[in-house]
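We count ligands from 1, going down the list as the structure has it; atoms in each ligand are counted the same way. Everything numeric in this text was worked out from a predicted model, so none of it was measured. Computed over heavy atoms, backbone and side chain alike; hydrogens, waters and symmetry mates excluded.
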Amino acid sequence: MMKIAATLLATIALATVNALDNGLALTPQMGWSSWNFYACNINESVIMNTAKAMVSNGMADAGYTYVNIDDCWAGGRYPNGTVYADPTNFPNGIKYVADYIHSLGLKIGIYTDAGTETCQKRVGSYGYEANDAQTYAEWGIDYVKEDWCYATLENPQQRYQIMSQALNATGRPMFFSLCDWGYENPWTFGMSVGNSWRTTPDIKDNWDSMLSNLMAQAPITSFSGIGGFNDPDMMMVGNGGMSNTEYVSHFSLWSLLNAPLIAGCDLIDIDQETLSILTASEVIAINQDPLGVQGSLVKSYNGGLQQIWAKPLSNGARAVVLFNTDTNPATIELLWGNIWMEPSQQLSIRNLWTQTNLGTFTESYESDSLIPPHGCIMLTLTPTN
Ligand code: GLA
């Protein structure tokens, strides 16, 4: 047990050194991005109406802050190299959109690429990093995602470092989100260069894709911490390709894993069920816990069909997701040894989705109802003394 506690402490210590130190990402970023729902079909009214919706539907109050314009906003470069917005989709330019988003109390993100072109063949930042960083700062940008298309011969650590330094040199704090899809183990260098780094290929709006991106996190949980987070990609919650049971699992696990909570659905016409998933306050609180330690896979049963993921919290409690990936309902037994606790420890258990207290337990807990196929139970377990 002492060994388990020591491993936990070592993980916490490792995660807090070597941070980029731009003062950002004290907790995982929360917001929305245009890509998963709109892809290239964006324009200024989509972005501005989404920002407005994020305030009026309660998501801003729940913690969502960044409104991120993904690929397809860039129009080209002037002869002096300065980038400009697509004049058809963003006729008033990006600063106009930024000013509006700021007037709502939100922050704006933008997208670029470390190569010569973006994935949708708009201009990339290769060789123009200082110029682009300066332009973003002048527009009032708060967040930059840098993709990796048309950059394949470059070393990502070195290339991303150029934009990282250019952003810092502007004096404007800009969250820096790396996106090399996990190709070059960005978790090994991401903390010193950026505030989050994609760890996987693009998520698709289906169960297998979500599960595959999730499982890719299991071996790398220790690389994330305050200042920089593993990013298994933006969320698909609300886009219709999974059931709400599956979206609840997706959201629970992204929260527990300190993943960026970047919504990727239509916020202008959002349904109530999707909104209640995205604004589940006790689940979000796990993601935003100030200790900043990513949850990890602590136990698997039946070849991984049932899984326990757990995360230590700043108040000494543990957050746990009991996850049933099977197509049949199941129960899952949680032992205190799975979550770095002595068996004799009394733990008070709360269900974070139903927001109910389940009682006080020692040694172990097994849910009294079956966990549905592809479903989960999310709990906190808090020492009573
Ligand atoms: C890549 C990224 C996606 C998105 C698209 C835009 O595929 O991984 O997140 O930004 O490019 O073209």
Distance from atom 9 (O) of ligand 1 to nearest protein heavy atom, with residue and atom: K145 NZ, 2.8 Å
M235/L278 under side chain to side chain contact (heavy atoms under 4.5 Å, CB included): CA gap, chis, key distance, verdict: CA-CA 10 Å; M235 294 185 292; L278 290 174; 3.8 Å; yes
- prompt: If you count the atoms of ligand 1 from 1 in the order shown, which ones are under 4.0 Å from a heavy atom of Y111?
  reply: 6 (C), 10 (O), 11 (O), 12 (O)
- line: Of all protein heavy atoms, the one nearest atom 12 (O) of ligand 1 is D71 OD2, 2.7 Å
task: Enumerate the atoms of ligand 1 whose separation from the nearest heavy atom of M234 is less than 4.0 angstrom.
output: 9 (O)
message: Classify the ring geometry of H374 against W207: parallel below 30°, tilted from 30° to 60°, perpendicular beyond 60°.
response: parallel
- prompt: Should I262 and I69 be regarded as members of a common hydrophobic cluster, given that ILVMFWY residues are connected when their side-chain heavy atoms come within less than 4.5 Å of each other, either directly or indirectly?
  reply: no
Heavy-atom proximity to atom 1 (C) of ligand 1, best of T200, T118, D147, D180: D147
query: Should the pair F223 and W187 be assigned to parallel (<30°), tilted (30 to 60°) or perpendicular (>60°) ring geometry?
result: tilted
message: Parallel, tilted or perpendicular: which one describes the rings of Y247 and H250, with boundaries at 30° and 60°?
response: tilted
query: Of all the non-hydrogen atoms in the protein, which one sits nearest to atom 10 (O) of ligand 1, and at what distance?
result: D70 OD1, 2.6 Å
- prompt: At what distance is the nearest protein heavy atom to atom 8 (O) of ligand 1, and which residue and atom is it?
  reply: D202 OD1, 2.6 Å
message: If the cut-off is 4.0 Å to any non-hydrogen atom of C119, which atoms of ligand 1 fall inside it?
response: 1 (C), 11 (O), 12 (O)
message: Please list, in number order, the atoms of ligand 1 under 4.0 Å from a heavy atom of W181.
response: 1 (C), 2 (C), 8 (O)
field: Heavy atom of the protein closest to atom 5 (C) of ligand 1 (residue, atom name, distance)
entry: W35 CE2, 3.6 Å
Lys/Arg N to Asp/Glu carboxylate O, D180 vs R159, below 4.0 Å: no
- prompt: Heavy-atom distance under 4.5 Å between the side chains of T362 and L347, does that happen here?
  reply: no
field: Residue portion contacting ligand 1 (non-hydrogen atoms closer than 4.0 Å) for C179
entry: side chain
message: Between K311 and D289 (salt bridge meaning N to carboxylate O under 4.0 Å), is one present in this structure?
response: no
